[in-house]
Amino acid sequence: MAKPKKTPRPKAITPKGFQDYFGVEVTERKTMLDQIAEVYHLYGFEALETSAVETVEALGKFLPDVDRPNEGVFAWQEDADLEKPGDWMALRYDMTAPLARVAAQYRNDLPSPYRRFAMGPVWRNEKPGPGRFRQFYQCDADTVGAPSVAADAEICMMLSDTLEAVGIPRGDYIIRVNNRKVLNGVMEVAGVLDPSDPTKFEDERGTVLRAIDKLDKFGDAGVRLLLGKGRMDDSGDFTDGAGLTDAQADIVMGFMDAKRETGAETVARLMELVGDSQVGAEGVAELETIADLMAQGGYGPDRIVIDPSVVRGLGYYTGPVYEAELTFEVKDEKGRPRQFGSVAGGGRYDDLVKRFTGQEVPATGVSIGVDRLLAALRAKGRMGDQPAGPIVVTVMDKARIGDYMEMVSELRQAGIRAEMYLGNPKNFGNQLKYADKRQSPVAIIQGDDEHERGVIQIKDLILGAKLAENATLEEWKERPSQYEVPRGDIIAKVREIIEMYS
RNA sequence: GCCGCCUUAGCUCAGUUGGUUAGAGCGCCUGAUUGUGGAUCAGGAGGUCCCUGGUUCGAGACCAGGAGGUGGUACCA
């Protein structure tokens, strides 16, 4: 007899970089999304939901000039095997590119400026890390077609309101604002930006940008190394620097150090630093306007500050940039302090829609990293309490399932979450173990003799667990946490116990 | 991508200079108790020692390559 061939069993695992969300994780996130949406809506933004998939062409940046444009995105080609292969498609990697597409596609019908918010998952095909996944939620609000920095100021204020709305008290976060034009002005002074030939020194500027972005990680000395020759990290890996001279590095470092007590003083200091640079002066003026608007709106430096060390990685930002950071300290499982870093960021990007229409369309917007925010709130202990499970009506007598279902219905109609035990009722102990695992506050028991006497047993599982910690076997068996009540009192007694714990 | 560390039961881990049948705690299952969660006691199930090759009389251990994980770093629209 031939042995049946062993087909290897499929492995039940979550794909790397992805996550499964259970119970509270889902409901907590939904609650947070609702809170954010409410603020966005209040500020006059309209909801927009676009497709999760875009053509690679519309997403831009990763054009199919290689076999698979899978660098960073999940992409595939329609009908790749056929003679006439179709378009390249990809899962969206952020909400901004789809917005640019929508703004271009519907530009004749949409109001201008167009203000919309969007929330949902985005996907990135990158190496996952701790707290970094390949699918995560973003929550964006953008104003398209508004050149005024009032639009930027408004977004910052809204970001502040939003963070407070989701439960981060004032003082536990700070929103820092800077302006790319100021940075460009400083780089002009430092001699790494030539206004007459913007492509010159492009690589160096990129390196400078990234170096500044790492100030909080490596400190002054580390950034200086990155501005100069380069930096060797702990593992012995060497990162090339921007190759600036000491004098040039001094100018850049001075810029990051330009933060003063008040916004006005910072602005004044920046004005000195940008010297004759025209774009620099423009940026400083914009920052000044933003600072004024904040002050007038009542958003003081306890919420929003001008901070020249904020640069926001690289990319398409052309004017004001902003970033929200949580300032409270959080310890990880091993008790080490953990940095949450920025939970939201954004800025002005004036060139994105231009890709589609050829017309300059100024836009500015913010993106909140919902998963990070949730993680922070959980770590802070403001979330993540296991909520109570349903009341479990146990099954003593299989023939009387109808009676048990009736109890369940009554409880449900009274607005109390309840269910009948649906597993194998043979072993009664297992029914209570199940109730335990479900975090049920109460179990209901009715066997034959209770039925005849018209009563039920109501077991307070929370009290029972507490008593069990110190009880002897005898005490435990006396069941002090169990009450016999008339069948008709089921709702009243259950409600009494639940309310005792809420 | 680059550098370091790690990989033994469901989980956390031990395993001596390379030596018989690879262990512990926790968890899980069964029973003490067919109408009661915890604790206790008794018993039980559970292993490709990450994979491939090499050295050796003999490898969980040593060597080489690979995979996976993890930490740092780089990139990040």
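Worth knowing before you read on, the calculation uses all heavy atoms, side chains too, and leaves out hydrogens, waters and symmetry mates. Each chain gets a letter, A, B and so on, in the order the sequences are listed, and its residues count up from 1.
- A straight line from CD of A:Q439 to P of B:G37 spans 18 Å, rounded to a whole angstrom.
- Rounded to the nearest Å, the gap between the P atom of B:U52 and that of B:C57 is 23 Å.
- Protein atom OH of A:Y404 is 11 Å distant from nucleotide atom C1' of B:G35, rounded to whole Å.
- If you check every strand for non-hydrogen atoms under 4.0 Å, A:S367 touches nothing.
- A:L467 pairs by the side-chain contact (heavy atoms from CB on, under 4.5 Å) definition with A:L463, A:P480, A:S481, not counting sequence neighbours.
- Atom CG of A:L99 is separated from atom P of B:A77 by 17 Å (rounded to the nearest Å).
- Comparing B:A77, B:U73, B:G37 by their nearest atom to the side chain of A:L461 picks out B:G37.
- Note: CG (A:L467) to C1' (B:A39) measures 13 Å, nearest angstrom.
- Residue contacts for A:K466: at a heavy-atom cut-off of 4.0 Å it reaches no nucleic acid atom on any strand shown.
- The residue A:D436 sits close to a base: some heavy atom pair falls under 4.0 Å.
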Please convert RNA chain B into dot-bracket. A pair counts if it is Watson-Crick or G-U wobble with both distances under 3.5 Å; crossing pairs go in [ ] and bases paired with another strand get |.
(((((((..((((.....[...)))).(((((.......))))).....(((((..]....))))))))))))....
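- With sequence neighbours left out, the side-chain contact (heavy atoms from CB on, under 4.5 Å) criterion links A:T239 to A:L226.
- Spacing of C1' atoms, B:C41 relative to B:G71, comes out at 44 Å, to the nearest Å.
- Following rounding to the nearest Å, A:Q482 (CD) and B:G37 (P) show an atom-to-atom distance of 10 Å.
- Of the residues in residues 445-454 of chain A, those placing a heavy atom less than 4.0 Å from an atom of RNA chain B are A:I445, A:G447, A:D448, A:D449, A:E450, in numerical order.
- Taking atom CG of residue A:D397 and atom P of nucleotide B:G35, one finds them 11 Å apart after rounding to whole Å.
- Counting non-hydrogen atoms under 4.0 angstrom, A:D460 reaches a base of the nucleic acid.
- Among the atoms of the strands shown, none is found under 4.0 Å from any heavy atom of A:Q431.
- One C1' atom belongs to B:U21, the other to B:C2, and the distance between them is 45 Å to the nearest Å.
- Within the structure, the ring-ring contact (aromatic ring centres under 6.0 Å, His included) test picks out the following pairs touching residues 434-457 of chain A (sequence neighbours left out): A:Y421-A:Y434.
- You'll find that the side chain of A:R124 is closest to B:C76, out of B:C76, B:U36, B:G38.
- The nucleotide whose nearest atom lies closest to any side-chain atom of A:F218 is, among B:C76, B:A74, B:U36, B:A74.
- When atom types are taken as modelled, the side chain of A:R29 and the backbone of A:D371 share no donor-acceptor pair closer than 3.5 angstrom.
- One P atom belongs to B:G37, the other to B:C29, and the distance between them is 13 Å to the nearest Å.
- Shortest non-hydrogen contact noted between A:D94 and A:A97 is OD1-N, 3.1 Å.
- Atom NZ in A:K217 sits roughly 13 Å away from atom P in B:G71 (whole-Å rounding).
- Of the candidate nucleotides B:G35, B:G37, B:C76, B:C76 has the atom nearest to the side chain of A:R210.
- Residues satisfying the ring pair (Phe, Tyr, Trp, His ring centres under 6.0 Å) criterion with A:Y349, sequence neighbours excluded, are A:Y316.
- Take the nearest nucleotide of RNA chain B for A:I462 and for A:W123: the residue whose nucleotide is more 5' is A:I462.
- A salt bridge is absent between A:R116 and A:E46; no separation between the charged side-chain nitrogens and carboxylate oxygens falls under 4.0 Å.
- As rounded to whole Å, 8 Å separates atom P of B:U36 from atom CE of A:M396.
- Listed by chain and number, the residues in a ring pair (Phe, Tyr, Trp, His ring centres under 6.0 Å) with A:F117 are A:Y40 (sequence neighbours excluded).
- When the C1' atom is used for both B:G44 and B:C3, the distance is 47 Å, rounded to whole Å.
- Heavy-atom minimum distance, A:L91 versus A:L59: O-CD1, 3.9 Å.
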Just the table, please: protein N/O against nucleotides 67-70 of chain B N/O, every pair under 3.5 Å.
| residue | atom | partner | partner atom | Å |
| --- | --- | --- | --- | --- |
| B:G69 | OP1 | A:K16 | NZ | 3.0 |
| B:G69 | OP2 | A:K16 | NZ | 2.6 |

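- A:Y93 qualifies as a stacking partner of the B:A77 base, centre to centre under 5.5 Å and near-parallel within 30°.
- Scanning both residues, A:T327 and A:Y173, for their nearest heavy atoms gives OG1-N, 3.4 Å.
- Scanning for ring pair (Phe, Tyr, Trp, His ring centres under 6.0 Å) contacts around A:Y114 gives an empty result, with sequence neighbours left out.
- By the 4.0 Å N-to-carboxylate-O rule, A:R487 lies close enough to A:E410 to be salt-bridged with it.
- Under the 4.0 Å criterion applied to side-chain N and carboxylate O atoms, A:R312 and A:D213 are not assigned as salt-bridge partners.
- Partners of A:T245 according to the side-chain contact (heavy atoms from CB on, under 4.5 Å) rule, which considers only residues two or more places apart in sequence or in another chain, are A:A247, A:Q248.
- Here the separation of B:G65 from B:G4, taken at their P atoms, is 12 Å to the nearest Å.
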Distances under 3.5 Å between protein N/O atoms and the N/O atoms of nucleotides 27-34 of chain B, please, pair by pair.
none

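- When the C1' atom is compared between B:G47 and B:G60, the two are found 11 Å apart, to the nearest whole Å.
- A distance of about 10 Å separates the C1' atoms of B:C62 and B:U56, rounded to the whole Å.
- Considering only residues two or more places apart in sequence or on other chains, A:D87 meets the salt bridge (charged side-chain N to carboxylate O under 4.0 Å, His left out) condition with none of them.
- Using a cut-off of 4.0 Å between Lys/Arg side-chain N and Asp/Glu carboxylate O, A:R176 and A:E323 are scored as salt-bridged.
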